[in-house]
Amino acid sequence: MAKRHLLFVDDEPMVLKGLQRSLRSMRHEWEILYAEGGEAALAMLASHPVDVVITDMRMPGMDGAQLLEAVKARFPQVVRIILSGQLDRDMTLQSVKVAHQLLAKPCDVDVLREALQKTVTLNQLLTDEAIRRVVARIDTLPSMPASCVAIMEDLQSEDASIRKVAGLIASDLGMTAKILQMVNSAFFGLYRQVTDVQDAVMLLGLDAIKALVLSVNVFAAFDTRRIPFFDLDGLWQHSLAVAGCAQKIMTTVARDREQAAAAFLAGMLHDIGKLILAVNFSDAYRALLKGVPEGPAERLAKEREMIGTTHAEMGAYLMGLWGMEPSILMAIAFHHTPLESRETAFGPLTAVHLANGFGHGLRLPREGGRGAVDDVDAAYIAALGVTGKVDRWRQICLDLDEDAP
Ligand SMILES: [Fe+2]
Ligand SMILES: [Fe+2]
């Protein structure tokens with residue numbers, strides 16, 4: 001694979017020297033460039049191919065946020081990452097508008113490598129030039145919302161207790177309403193109406209709540225007033241159904257909390273690309289919706305034909321920019337075409353593919369036609385050696401569907 005280019009920006013020559021030493025082990029995958037300050041960085045960007053810019057926040061003259069603002073305007077295809085210290089928290093929250101990802105200082109090589117690995121995974125997923133051309137045509141690819149970053153930080157902190165998380169959510173009225181609505185409307189198998197955030201957190205667990213909070217923010221990043229033709233509520237319902245089912249399926253396969261949480265989150269976000277396409281390519285998307293209801297495969301082909309990419313790729317692309325885990329990106333990118341992922345283990349992708357495929361048999365809003373048949377890729381399932389279990393998983397999902405209020 002061709003090397004990627006990474007540009008580090010810091011006003012301290014010593015810091016750059018130190019980085020140079022500690023990043024030696026990455027030199028096979030990454031060509032690493034250094035610039036002392038914003039002006040030098042912009043000059044470098046104009047003369048070198050750069051895939052990722054990582055900048056310090058505090059610099060004399062042009063600070064990190066200003067630099068990324070300029071990068072965003074002049075080199076929109078470059079991934080923008082901010083390295084920030086504890087003290088810059090307020091500044092950082094502002095800069096979130098222009099950064100795709102935040103890394104905390106001091107950032108050790110492993111963390112950095114992992115963050116970069118995600119962008120590489122993403123680039124491998126989407127090596128296709130087509131998506132870059134589409135992204136270049138998009139004028140409003142939203143950055144991760146500031147509220148999202150703050151809440152995620154709190155949820156990830158070691159002492160994220162149920163009460164603390166409930167308090168955090170309760171302090172935001174809009175969020176409270178949304179979470180309760182989802183918890184009650186959806187596929188959680190709760191047998192009573194939940195009216196209290198703390199109850200919701202207790203019943204569903206921190207992982208699910210985290211995913212819900214994150215999803216609310218992700219969805220909110222799009223200006224849906226511009227797309228009155230889009231059935232946003234339908235997408236919510238469908239996403240919740242797929243998330244709930246995917247989590248259940250994952251749990252029956254592996255008692256692994258992290259994988260179950262990933263399946264849930266990937267389920268919530270698997271179709272987020274539809275929103276991106278609808279907001280940015282309204283005319284084409286409206287035309288797509290007007291067509292005769294078809295199966296997902298035909299719809300994907302149509303998306304590619306009319307827009308140049310698919311909702312699956314587009315969603316993975318944006319979530320990748322926002323720093324989501326590779327397993328989530330994989331599940332989003334290949335939820336309709338899992339064989340293309342070359343992934344051979346049962347994971348969140350499998351769970352989301354199945355849950356989404358069973359959607360045809362569920363009464364919740366589904367994509368594509370209303371056929372009674374599943375949209376599960378039999379060859380993929382056979383390759384994983386789990387064909388015999390599909391009926392049971394389908395039944396689990398149908399039961400959940402029955403129980404949903
Ligand atoms: Fe989809
Ligand atoms: Fe879907």
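Every number for a ligand or one of its atoms is a count from 1 in the order of the listing. Note that the numbering runs from 1 along the sequence shown for the chain.
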Open item on the list: Tell me the angle that OD2 of Asp271 and NE2 of His270 form around the Fe ion (ligand 2), rounded to 10°.
Closed with: 90°
Open item on the list: Only to 10 degrees, please: what angle do the NE2 atom of His238 and the OD1 atom of Asn356 make about the Fe ion (ligand 2)?
Closed with: 80°
Open item on the list: Treating Asp63 as the side-chain partner and Arg58 as the backbone partner, does any N or O pair qualify as donor plus acceptor under 3.5 Å?
Closed with: no
TODO: For the residue pair His311 and His336, categorise the inter-ring angle as parallel (less than 30°), tilted (30 to 60°) or perpendicular (more than 60°).
DONE: perpendicular
Task: Pair Thr337, Tyr380: side-chain N/O donor-acceptor within cut-off below 3.5 Å - done: no
Open item on the list: Need the atom name: nearest N/O/S atom of His335 to the Fe ion (ligand 1).
Closed with: NE2
TODO: State which residues pass salt bridge (Lys or Arg N to Asp or Glu O under 4.0 Å) with Arg225; sequence neighbours excluded, sorted by chain then number.
DONE: Asp223
Open item on the list: I need the NE2(His336)-the Fe ion (ligand 1)-NE2(His311) angle, rounded to 10 degrees.
Closed with: 90°
